[in-house]
Peer 1: 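Below: one structure in structure tokens.
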Amino acid sequence: MRAAAFSELTGPDGVSLVNRPTPEPGRGEAVVSVEACAINRHDLWILEGDSAMVDTDDLPFVSGLDVAGTVDAVGEGVTAVEPGDSVVLCPNETCGTCRYCREGPENLCANFSLYHGGLAESARVRADRLVALPDGVDMVEAAALPTAYMTAFHMLRRVDAGPGDLVFVPGVTGGVGVAGVQLADALGAHTAGTSSSRAKLDRVESLGLDHAVESTDPDEIRAAVSDVGPVDAVLNHLGGEYTQVGLDVLRRGGRMAVCGRTAGGTSEIDIPDLFLGHKRVIGSTMGTQGDLERLVGLVADGALSPEIGETYSLEETDAAFAAMQDRDSVGKLVVTP
């Protein structure tokens, strides 16, 4: 089979096509013929050499978390899926034995990790991590769900967002940002979001964004969002200086979920404002398989249509990462092997 492997950790020019043996399923495993695999900033960080998870000793490395396709074969002991099933993979990898795996939620697992290997024609996966796709659910849309939409969905649950709430999303044109807007809209919440691009904001407004702020300047953002009204919840996938901006616009007792570090891995915050305002900062990583199953149900019911920025062939995987690096697109970038 062919795979788009990271041969060098130098950015998009480090991607090359390689041939590998088609995998065979072991006990509890399935082999999926990959029809779509969305890429994420997590993959790009690895490709740029900015992840402790992968180093040069691991090369060539096949990344790709968000796999949708058709089951080709199953291993011994697998009964939940069978060849011919349409599926999407929940990329969570958990130990199954720690306190958090026993009591939940699973993404608190002490040994939590993520699946890699979807940027290929076939992928060997844990069969119990496969979620069945109902008839009519498009493979490309399904591949968009696991990382960006599952993460945003779980963050909205963590901040207890509901009808009428104002949710602030800095960097709203990224994958988690777009997903957060669409899902908040489905919940009946209102959203305010930021970007440096008017064209991108226009597109996200068409997906449900209520208040667009064209700026990356913290002071301008703080003033513009405050003019909209007191914020009930913040979905912060940027980190860096935007953490304090989010705290500044939060109402008393408001909640912020943080899931990323695109703008910086450290944040300096005003501690007195945090405790005097009874504000909460909540870490959030990915979501649960139950979250993904609910998202698949929303798509099947027509209540959610994941935004797709562009699709690429396996040979064009380097171009997909270049587009992500250049921040040219809105919506998920999906490779279709």
Side-chain angles (χ1 to χ4, degrees), residues 36 38-41 66 68 88 136-157 159 161-216 221 224-225 228-229 231-238 242 246 257 259-260 262 287 291-292 294-312 320 323-324 326-334:
I39 63 171
N40 298 282
R41 194 147 299 271
D66 296 347
V88 62
V137 175
D138 178 76
M139 289 287 184
V140 171
E141 289 193 341
L145 294 175
T147 298
Y149 283 80
M150 189 167 71
T151 295
F153 186 73
H154 196 74
M155 291 172 81
L156 286 164
R157 292 178 61 203
V159 298
D165 282 350
L166 178 59
V167 180
F168 173 47
V169 188
V172 75
T173 57
V176 172
V178 171
V181 165
Q182 291 186 275
L183 292 167
D185 186 59
L187 289 171
H190 307 295
T191 48
T194 71
S195 173
S196 60
S197 168
R198 183 66 253 178
K200 289 183 180 181
L201 286 170
D202 289 344
R203 186 164 173 185
V204 183
E205 282 183 310
S206 73
L207 300 173
L209 178 65
D210 298 294
H211 305 281
V213 179
E214 184 184 350
S215 179
T216 58
I221 293 170
V225 175
V228 174
V231 169
D232 299 285
V234 177
L235 305 187
N236 179 5
H237 65 97
L238 297 181
Y242 294 97
C259 76
T262 304
D291 292 332
L292 180 57
R294 294 181 187 96
L295 289 168
V296 168
L298 288 174
V299 175
D301 292 342
L304 173 66
S305 180
E307 182 70 4
I308 307 301
E310 189 67 66
T311 60
Y312 299 83
M324 176 174 283
D326 293 341
R327 304 178 189 275
D328 284 340
S329 58
V330 173
K332 294 299 295 179
L333 305 178
V334 183

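Throughout, numbering of the chain's residues begins at 1 and tracks the sequence. Predicted, not measured: the structure shown is a model, and the values here were computed from it.
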Peer 1: My understanding is that only residues two or more places apart in sequence, or in another chain, count here; which of them pass side chain to side chain donor-acceptor pair (under 3.5 Å) with R294?
Peer 2: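 For R294 the side chain to side chain donor-acceptor pair (under 3.5 Å) partners, ignoring immediate neighbours, are D291.
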
Peer 1: Measure from the side-chain N and O atoms of Y242 to the backbone N and O of T216, and report whether any donor-acceptor pair falls under 3.5 Å.
Peer 2: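 Indeed, once roles are kept as given, a pair shorter than 3.5 Å links the two residues.
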
Peer 1: Please report the closest heavy-atom contact between A192 and L209, naming both atoms and the distance.
Peer 2: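 The pair with the smallest heavy-atom distance is C-CD1, 3.9 Å.
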
Peer 1: Do R203 and E307 come close enough that some side-chain heavy atom pair is under 4.5 Å?
Peer 2: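 Yes, side chains in contact.
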
Peer 1: Supply the atom-to-atom distance D210 CG to T191 OG1, rounded to the nearest 0.5 angstrom.
Peer 2: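 It comes to 4.5 Å.
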
Peer 1: Write down the atom of G331, the atom of V178, and the distance for their closest heavy-atom approach.
Peer 2: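 Smallest interatomic distance, heavy atoms only, reads N-CG2, 4.4 Å.
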
Peer 1: Could you measure the distance from the CD atom of Q182 to the OH atom of Y149? Nearest 0.5 Å is fine.
Peer 2: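 Interatomic distance, Q182 CD to Y149 OH, rounded to 0.5 Å: 3.5 Å.
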
Peer 1: I'd like to know if the side chain of T151 reaches the main chain of A148, judged simply by a donor and an acceptor atom lying under 3.5 Å from each other, with no hydrogens or angles considered.
Peer 2: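 Side chain of T151 to backbone of A148, a donor-acceptor pair under 3.5 Å: no, none is there.
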
Peer 1: Go through it in stages, so that I can follow the logic: the residues are L201 and V172, the test is side chain to side chain contact (heavy atoms under 4.5 Å, CB included), and I'd like the CA-CA distance, side-chain angles, deciding distance and then a yes or no.
Peer 2: CA-CA 8 Å; L201 286 170; V172 75; 3.8 Å; yes

Peer 1: Report yes if the side chains of I39 and Y312 come closer than 4.5 Å at any heavy-atom pair, otherwise no.
Peer 2: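 Heavy-atom side-chain distance check fails, nothing below 4.5 Å.
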
Peer 1: Nearest 0.5 Å, please: how far is CE in M324 from CG in N40?
Peer 2: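 Rounded to the nearest 0.5 Å, the CG-CE separation comes out at 6.0 Å.
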
Peer 1: I need the single residue from V137, L304, D66, L298 that forms a side chain to side chain contact (heavy atoms under 4.5 Å, CB included) with L145. Which is it?
Peer 2: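 Considering V137, L304, D66, L298, a side chain to side chain contact (heavy atoms under 4.5 Å, CB included) with L145 is found only for L304.
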
Peer 1: Report yes if the side chains of F168 and I221 come closer than 4.5 Å at any heavy-atom pair, otherwise no.
Peer 2: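 Yes, side chains in contact.
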
Peer 1: Answer yes or no: is there a donor N or O on one side and an acceptor on the other, between the side chain of D165 and the main chain of V167, under 3.5 Å?
Peer 2: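 Not at all, since once roles are kept as given, no pair shorter than 3.5 Å links the two residues.
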
Peer 1: Please name the pair of heavy atoms, one in E205 and one in A212, separated by the smallest distance, quoted to 0.1 Å.
Peer 2: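 Smallest interatomic distance, heavy atoms only, reads OE2-CB, 3.7 Å.
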
Peer 1: Under a 4.5 Å cut-off applied to non-hydrogen side-chain atoms, are V88 and M139 in contact?
Peer 2: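 Counting from C-beta outward, V88 and M139 never come under 4.5 Å.
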
Peer 1: Check step by step if side chain to side chain contact (heavy atoms under 4.5 Å, CB included) holds for L235 and V176.
Peer 2: CA-CA 9 Å; L235 305 187; V176 172; 5.7 Å; no

Peer 1: Mind checking the CD-OG spacing from E310 to S329? Nearest 0.5 Å is all I need.
Peer 2: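 These two atoms lie 8.5 Å from each other.
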
Peer 1: Indicate the atoms forming the closest heavy-atom contact of C259 with M155, along with that distance.
Peer 2: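 Looking at all heavy atoms of both residues, the closest pair is SG-SD, 3.6 Å.
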
Peer 1: Using every non-hydrogen atom in the two residues, find where V159 and A233 come nearest and quote the distance to one decimal.
Peer 2: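 Answer, listing the atom of V159 first, then A233: CG2-CB, 3.6 Å.
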
Peer 1: Measuring from R327:CZ to S197:OG, what's the distance to the nearest 0.5 Å?
Peer 2: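 One gets 12.0 Å once the value is rounded to the nearest 0.5 Å.
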
Peer 1: Does some side-chain heavy atom of P170 sit less than 4.5 Å from a side-chain heavy atom of V234?
Peer 2: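 Heavy-atom side-chain distance check passes, below 4.5 Å.
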
Peer 1: Closest heavy-atom contact between V334 and A143?
Peer 2: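 Scanning both residues, the minimum pair turns out to be CG1-CB, 4.4 Å.
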
Peer 1: Look up atom OG1 in T173 and atom CG in D202, then write down how far apart they are to the nearest 0.5 Å.
Peer 2: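 Going from the OG1 atom of T173 to the CG atom of D202 covers 11.5 Å.
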
Peer 1: Verify side chain to side chain contact (heavy atoms under 4.5 Å, CB included) between L295 and L183, making sure each step is shown before the conclusion.
Peer 2: CA-CA 9 Å; L295 289 168; L183 292 167; 3.8 Å; yes

Peer 1: Hey, are the side chains of F153 and L187 touching, using non-hydrogen atoms and a 4.5 Å cut-off?
Peer 2: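 A side-chain contact under 4.5 Å is absent here.
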
Peer 1: Could you please spell out the steps behind the salt bridge (charged side-chain N to carboxylate O under 4.0 Å, His left out) verdict for K200 and E214?
Peer 2: CA-CA 10 Å; K200 289 183 180 181; E214 184 184 350; over 6 Å; no

